[in-house]
Amino acid sequence: MMTIFRYTLRRFQGQILGWGIALALFGVLIVSMYDMIAAEQEQLQELLEVYPPEISAFMGDIGTFATPEGFISLEFFSFMPLILGIFAVLTGSGLLVSDEENGRLDLIMAHPVSRAALFLGRLLAFVAATVAILAVCWLGLVVPMNWSSMDIGWGRMWLPLLSLLAELLVFGTLSLLLSMFLPSRRMAATTGGMLLVASFFITGLAKLNENLEPIAKLSPLNYYQAQEAFQGLNGAWLAGLLGSAVVFAALAWWRFQRRDIRVGGEGGWRLPAL
Amino acid sequence: MSEEAALMAQRLTKSYGKVRALRGVDLEVQRGEIFGYLGPNGAGKTTTIRCLLDLIRPDGGTVRVLGIDPQADPVAVRARTGYLPGELALDPNMTVEDTLHYFNGLRGNQADWGFARQIAERLDLDLKPPIKNLSHGNKQKVGIVQALMHRPELLLLDEPTLGLDPLMQHEVLRLITEAKANGATVFFSSHIMSEVEAVAERVAIIREGVIVEVAETASLINRALRRANVRFKQPVDIGPLANVPGVTVLSQDDGTSVLLQVEGEMDDLIKALAAFPVSDFETERPSLEEIFLAYYEDDQKEEE
């Protein structure tokens, strides 16, 4: 399993550096802008208050925009599940199936590696890669605080990132599960991406329309804490998200244990001819 | 079922949707033999091999590999097996050496690395370049090295010489023969009849998911149809030859030569020819390829 883990993590190196550095640089930019924004906070507050509620519903509590926590949440954390969700969906959907589709899994599985070890090794590599991206991202947020008046604290900055990690694991494992049932990686990634975007909009729109609240309760992003995380993580929500990820991963593992390893189009779905 | 069998499949069936890839394959390969598995594309060769390694699950039937049920303990089967897939795909960003180290890692570093280098040298394979820079033939060599480097008890090779030049094809056949000499069982599928004929002790012919023939390679060739070209010192009436059991006249000239097709033993024909003024007698042994094709021609005739 460790060979699988190390090999998979090595393949993720480029993504860890690419996503991590890009988001860290974005974090540096946001933190560096805080002092300038804070100086103009009265005018900005007035501007934000005239924003239509449809927009502010997706941005969190804009009344706290001038506070360090409110600012970093609005500018960074509020849409990060959508951005990094793309990584989670693409990685989760391709974790096993991309190698299967290009024929590499056949030879790997012909070695004395159990399906459980392969599955677990790759899943752990995905978790490690996600944590690594968030760690680089965290560095981009906390290091510039040394020359900024933003005083959130290095440890507290991890709180929304932990909530974000749980979200990414949910969408990553959900996409992995989809890839085990759907006939292609592309279809799994598309479906996972659609669920991610739908979750983002339903969660935002439920703040405007009470009728959507029952549906929003099924949305993983309903339990994402950006600014609220700085006041303390909701343990039940975090456990619920991590529990969902474990259930999705367990179902995917169950399916992977039982299905054929494909090398061609066998087992694929065909749309009826028009 | 023999306890000594390296491979055993009984009534093995596998379908992909409506396509019935295997329709009750029965197969037994003894330990220490080289066994050729013949059939055209889509006949079920690769599906059989993938069932043996638990890469796919059969719909019905029984499989044992080295006495082990692959579905019950696939890791034990794979630990003692070397596999070369028909469609080899490798990580293009790894070097040849890293690729082999990775596969060795998956085997718990059980490979004999000196032996791996030796095979690579014999196949003229450079270990330094990345896989993406290799030709199809050189990638195939990487596949051969990884299949052999841990000296497995059983080799499952799906088209092992695919994409190799004749010199390298010959070297691979030597490696297969050497593996057998060291006690390994070799089960390999191929389109190239000459190579199967050269190394396989027994062959199975699979057609549309059914084994239609299992036989020793030599006996399969010997008992098949063969041609006899007879020349006479003077024009003769060949009528009596046409009446010999198992003999068919394919063509004749002006009575001084005749081309015959003989099914089974030559004894009756030779005895019949004793009454003729024979000046020359030649027989053509059919190649394994002709025998193989005959199974398909027979099938087409039946369908017509």
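We use all heavy atoms of the structure for the numbers below, so side chains are in, but hydrogens, waters and symmetry mates are not. Chain naming here is simple, since letters A, B, ... match the order of the sequence lines and numbering starts at 1 in each. Remember, it's a predicted structure, so these values are computed and weren't measured experimentally.
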In terms of heavy-atom contacts, does CG of B:Asn93 have more than 12 from other residues, nucleotides or ligands at under 6.0 Å?
yes
Distance-only, no hydrogens or angles: does the B:Arg78 side chain make a donor-acceptor pair with backbone N or O of A:Met109 under 3.5 Å?
yes
Flag the pair B:His150 / A:Pro112 as yes when at least one side-chain heavy-atom distance between them is below 4.5 Å, and no otherwise.
no
Among the listed options B:Glu87, B:Met94, B:Arg80, the residue most often paired with chain A at heavy-atom distances under 4.5 Å
B:Met94
Would one find more than 12 heavy atoms of other residues, nucleotides or ligands at under 6.0 Å from atom CZ of B:Arg122?
yes
Step-by-step side-chain hydrogen bond (donor to acceptor under 3.5 Å, both in side chains) determination, A:Asp260 to B:Tyr16
CA-CA 10 Å; A:Asp260 288 346; B:Tyr16 300 115; 5.8 Å; no
Any idea which heavy atoms bring B:Asp91 and A:Arg11 closest together, and the distance?
OD2-CD, 3.9 Å
Identify the heavy atoms of B:Ala89 and A:Gly103 that sit nearest to each other, and give their distance.
CB-C, 3.7 Å
Is it the side chain or the backbone of B:Leu156 that comes within 4.5 Å of chain A heavy atoms, both, or neither?
neither
What heavy-atom pair brings B:Pro85 and A:Leu107 nearest, and what distance separates the two atoms?
CD-CD1, 3.7 Å
Let's test your reading of the structure: which of A:Ile108, A:Thr3, A:Leu105 forms the most heavy-atom pairs below 4.5 Å with chain B?
A:Thr3
Distance in Å, A:Tyr7 OH paired with B:Thr99 OG1, rounded so as to fall on 0.5 Å steps
8.0 Å
Taking every non-hydrogen atom, the tightest pair across B:Arg107 and A:His111:
NE-CD2, 3.5 Å
Looking only at heavy atoms, the pair that brings B:Leu53 and A:Ala110 closest together is CD1-CB, 4.2 Å
Partner chain A: residue of B:Leu55, B:Val75, B:Val19 with the largest heavy-atom pair count (under 4.5 Å):
B:Leu55
What is the minimum heavy-atom distance between A:Ile4 and B:Tyr102, and which atoms define it?
CD1-OH, 4.0 Å
Answer whether the closest heavy-atom distance between the side chains of A:Asp106 and B:Arg50 falls below 4.5 Å.
yes
So what's closer than 4.5 Å to chain A heavy atoms on B:Lys14: side chain, backbone, both or neither?
side chain
